[in-house]
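Shown next, in structure tokens, is the structure this report addresses.
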Amino acid sequence: MLFKKTRLGELPASEVTDYSVYLNRRQFLNGAAIAATGSLLPISLASAASVPEPTYKGLIKSAYSTDDSSTPFESVTTYNNFYEFGTDKGSPALMATKFPDKSKPWRVRIDGECDKPGEYDYDDLIRPFTLEERIYRLRCVEGWSMVIPWVGFPLADLIKRAQPNSRAKFVEFTTLFDPEQMPGQNRNVLDWPYTEGLRMDEAMNPLTLLSVGLYGQELLGQNGAPIRLVVPWKYGFKSIKSIVRIRFVESLPQSAWMKAGPNEYGFYSNVNPDVDHPRWSQSRERRIGEFLKRKTEIFNGYGEEVAHMYTGMDLRKYF
Ligand SMILES: Nc1nc2c(c(=O)[nH]1)N[C@H]1C(S)=C(S)[C@@H](COP(=O)(O)O)O[C@H]1N2
Ligand SMILES: [Mo]
């Protein structure tokens, strides 16, 4: 236990310090860029100009989208959590530029308690599904949030194709394990590979998305290319990146974060302003790009769509 505490003790204790450290570093890098190019574009203009041409065309705009304005592409793609590429927020964007290696096929295995298991190349996996754009919030357990125009399709569509049987009560997800491509896996910060899980009804909820892009682009390495989960009413760590396996199981799967800190990270991890993380409050959050903090909403504001799944459950116990 002490050993685990020490490992988690390496994580930033305050998201405020953490974000300002990141901003200072960005400012320094911007200063260097200005020195190199002589350009004095304000940050906001620079980032508006830096959204590349969309690679996905004619996406359906989802009615599930929020009206909140989107976090700039620049922030979404440079302020990340992806421990396979380092534990600080800036390192995934620097370390995942060549991820995933395009010369290796990306294969995803669908297995466990289902009638139609299979192993698919990435293109074959996503081909049957209709891609949409859905603007969803992502709320990190560390107290920051973003609004991201995701590209993806409902996980439910893939689950229906796999035909889970009556023993399938949960879905377990696994990230790639490849320390050559993911240098962070050489360090003992988590029990690799990263895993996550959802209860079957959560996995089938129409808000749950398998994402293959954002801002009309294919996902960049730092955001979990080529395919990742987005579960907008749960803390960000449930939204597992760079998935290689989706498995239907009978008993509750242990996630990498549950193993690392069972008192800090529960299976459900629904965004809840009334249940604090043992080391920090969850009542307020900093929307990246905004100065003042805002109040966190229960289920990250998606209560109407998801609260019914938890009626009768003590959300302090099932945190
Ligand atoms: N495999 C893997 N998935 C992961 C993580 C990780 O470290 N490894 N970090 C999680 C956390 S804590 C958050 S907040 C989100 C961040 O997603 P983003 O960087 O695309 O905003 O990814 C989640 N998925
Ligand atoms: Mo997070």
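Note that ligands are numbered from 1 as they come in the structure, with each ligand's atoms numbered from 1 the same way.
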Problem - Any Phe248 side-chain heavy atom under 4.5 Å of Met200 side chain - result: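 Contact flag for Phe248/Met200 side chains = yes.
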Taking 4.0 angstrom as the limit and counting only heavy atoms of [X], give me the atoms of ligand 1 inside it, by number and element.
{"X": "Cys140", "value": "14 (S)"}
{"X": "Thr175", "value": "1 (N)"}
{"X": "Ser239", "value": "22 (O), 23 (C), 24 (N)"}

Problem - Any Arg228 heavy atom less than 4.0 Å to ligand 1 - result: yes
Among all protein heavy atoms, pick out the one at the shortest distance from [atom]; state its residue, atom name and that distance to 0.1 Å.
{"atom": "atom 15 (C) of ligand 1", "value": "Gly236 O, 3.6 Å"}
{"atom": "atom 18 (P) of ligand 1", "value": "Lys241 NZ, 3.4 Å"}
{"atom": "atom 9 (N) of ligand 1", "value": "Asn81 O, 3.2 Å"}
{"atom": "atom 7 (O) of ligand 1", "value": "Tyr83 N, 2.7 Å"}
{"atom": "atom 8 (N) of ligand 1", "value": "Glu84 OE1, 2.8 Å"}

Practice task
Sort out for me which residue in Leu198, Ile246, Leu209 forms a side chain to side chain contact (heavy atoms under 4.5 Å, CB included) with Leu229.
Solution key: Leu198
Handout entry: From CA spacing to verdict: side chain to side chain contact (heavy atoms under 4.5 Å, CB included), Lys241, Glu84
Key = CA-CA 10 Å; Lys241 294 175 169 177; Glu84 286 84 342; over 6 Å; no
Problem - Ring geometry between Phe237 and Tyr235 (parallel below 30°, tilted from 30 to 60°, perpendicular above 60°) - result: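 Correct class here is parallel.
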Do [X] and [Y] make the cut of ring centroids closer than 6.0 angstrom?
{"X": "Tyr64", "Y": "Trp150", "answer": "no"}
{"X": "Tyr194", "Y": "Tyr83", "answer": "no"}
{"X": "Tyr318", "Y": "Tyr310", "answer": "no"}

Practice task
Kindly confirm or rule out an N or O of Asn80 lying under 3.5 angstrom from an N or O of ligand 1.
Solution key: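 Checking ligand 1 against Asn80, an N or O pair does fall under 3.5 Å apart.
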Problem - Asn223 N/O to ligand 1 N/O under 3.5 Å - result: yes
Handout entry: ligand 1 contact on Tyr194 by region, counting heavy-atom pairs under 4.0 Å
Key =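 Under 4.0 Å from ligand 1, Tyr194 contributes side-chain atoms alone.
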Exercise for the section: Report yes or no: do Asn81 and Lys89 form a side-chain donor-acceptor pair below 3.5 Å? Expected result: yes
